[in-house]
Trainee: 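Below: one structure in structure tokens.
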Amino acid sequence: MPVSGQELKIHTIMLVEDHPLVRQAIRQLIEGEPELQVPWVAASAESALEQLESARPDLVITDLSLPGMNGLKLIEHLKVSHSDVNCLVLTGHVDAFYKKAALAAGAIGFVTKDDADEVLEAVKKALNLIA
Amino acid sequence: MPENPDLPPNEMPSSEAHHLALLDAIDQGFCIIELLFESEQAVDYRFVAVNAAFETQAGLISPVGKRVLELVPGLEPFWLEVYGQVALSGEAKRFENYAEATRRWYDVYAFRVGKPVERQVAVLFKDITRQRRAELALSEANRELEARVRERTREVEELAAKLTMAEVREQARLARVLHDDLQQQLYAAGFALRSLRQQLPKGDKLAAESLAEVKARIDDAVSISRDVTVQLSPPVLQRGGLAEMLGWLSTDMDTRYGLAVRVNVSGVGEDFTVLNEAARVLLFNLVRELLFNVVKHAGVREATVTLARVAGGFMVEVADTGTGFDPSDLGSAGLGLSGVRQRLELFGGTLELSAVPGEGTRAAIVLPTESLNLG
């Protein structure tokens, strides 16, 4: 929480999620926190990459199952093309295999869609807002 | 045999008369021929005597006194050769052969008669053309039937493969609906509940409890949906990468059963893909079944899955160093593999199981390239 008189630092996020309902729900969840904003959303990895040519988010949150290029490939791509941008995986896949694969690809964190509180905690950890 | 009705019967020895009567009574043709040689090679023969059935059986009219090459100029050399051998060696011969000139098949028994220097051979024979034609027709009918059965079998196999693929596609479709639609709806509902919870008046315990109960039901629904998705068609199968699929299986086996599975794909590379969806699912199910068998029977907590290229296709091998089994004790049905093996055969694949009690088990699946649209 900002100290009185100080400006609140806003952290920007790009959300990559193909299901419109989930995308809207996650965006609303995150933007419910005063220090977080989601100025960019993409329904595919390709759209995300296109937007990242000009966008400079503090964090990219991506699903794994995406039409076209999947989330793992997107993370690998960003490790090369946008190495200063951290990626957090937000997925419905709970298998340990996917967590291992996501972290190996270069994701900074892995959280499932099951619990909204856990999602917010993971987002804040990824932005170094909490320990 | 020549008849001489003017000769009083009492001038012929009775045994000879009997023999002549017998020869004239039989259905088979009989003749005595005299072989003609040039430099010890039979070049022709003359008919010395024939029985009553000769003309019917041989198709030759009034042959006595004539040479065979006069009557049948195109006679194959075979007949002269074989009768010549009988005449020279005295060794009787029994055979069947076809005479092009008369277009008949004959069953023949030839033996030397009289003194060797007379070079005479008796030939007892029967026209078996009708039988032979019937045998050939039967053989042809069998061949045609076998071809039809093969064709029909192929059609049935193709239909079974199509049904298998239809089943696989339907399962994959249902899995996609569950994962892409139902589960996502449930996640969105879960997020909306949090928002609702934050709007509840502080201290409203009843409402908070009710919301928690709804969230628990949503969580259960998600869990059930995930389980069904994995049973129908695990999401990892959608993409086709064989290495990724085996990696997923390895992690799943470790998580569920504590089985450490080492996956070796160095033989084919990480990007190896099976494009044929039904084959991909089949392979997945088969490897999963084999790993279950390690869990259930091997008595060890480690297994190795190896992917390698072989001539004409590739091989997936599942091996352990556990208790093994005597392959003669357990048929593949006993290992839960009978249905999968049948489906494997639809793709031209094979499954080899080898095991030695106390030394471990090895299962090698080989699949041909052309049936799998390998990437």
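Chain letters run A, B, ... following the sequence lines, proteins first, then strands; residues in each count from 1.
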Trainee: Please classify the contact between B:Asp254 and chain A as side chain, backbone, both or neither, with a heavy-atom cut-off of under 4.5 Å.
Mentor: neither
Trainee: Does B:Arg262, at its CZ atom, have more than 12 non-hydrogen atoms belonging to other residues, nucleotides or ligands within less than 6.0 Å?
Mentor: no
Trainee: If you measure from CZ on A:Phe97 to CE on B:Met253, what distance do you get to the nearest 0.5 Å?
Mentor: 14.0 Å
Trainee: For chain A, which candidate among B:Ser195, B:Gly190, B:Ala192, B:Gly247 shows the most heavy-atom pairs at distances under 4.5 Å?
Mentor: B:Gly247
Trainee: Atom CD of B:Gln184 and atom OG of A:Ser65: how far apart are they, to the nearest 0.5 Å?
Mentor: 8.0 Å
Trainee: Can you tell me if B:Glu170 has over 12 outside heavy atoms packed within less than 6.0 Å of its CD?
Mentor: yes
Trainee: Working to the nearest 0.5 angstrom, can you tell me the gap between A:Asp95 CG and B:Thr251 OG1?
Mentor: 8.0 Å
Trainee: To the nearest 0.5 angstrom, please state how far the CG atom of A:Asp114 sits from the CZ atom of B:Arg226.
Mentor: 4.0 Å
Trainee: Just wondering, are more than 12 heavy atoms of other shown residues or ligands nearer than 6.0 Å to NE2 in A:His77?
Mentor: no
Trainee: If you count heavy-atom pairs under 4.5 Å with chain A, which of B:Gln198, B:Lys215, B:His179, B:Gln185 comes out on top?
Mentor: B:His179
Trainee: If we check side chain to side chain contact (heavy atoms under 4.5 Å, CB included) with B:Arg194, which of these qualifies: A:Asp115, A:Leu120, A:Val119?
Mentor: A:Leu120
Trainee: Can you measure from CG (A:Asp117) to CZ (B:Arg197) and round to the nearest 0.5 angstrom?
Mentor: 4.5 Å
Trainee: Would the number of heavy atoms belonging to other residues, nucleotides or ligands and lying under 6.0 Å from CD of A:Glu31 be above 12?
Mentor: yes
Trainee: Quick check: do B:Val222 and A:Lys113 have side-chain heavy atoms less than 4.5 Å from each other?
Mentor: no
Trainee: Using non-hydrogen atoms only, which part of A:Gln24 is less than 4.5 Å away from chain B: side chain, backbone, both, or neither?
Mentor: neither
Trainee: What is the distance from atom OH of B:Tyr187 to atom OG1 of A:Thr91, rounded to the nearest 0.5 Å?
Mentor: 7.0 Å
Trainee: Closest heavy-atom contact between B:Thr255 and A:Ala96?
Mentor: OG1-CB, 4.2 Å
Trainee: Should the heavy atoms of other residues, nucleotides or ligands under 6.0 Å from CD of A:Glu33 be counted, would the total exceed 12?
Mentor: yes
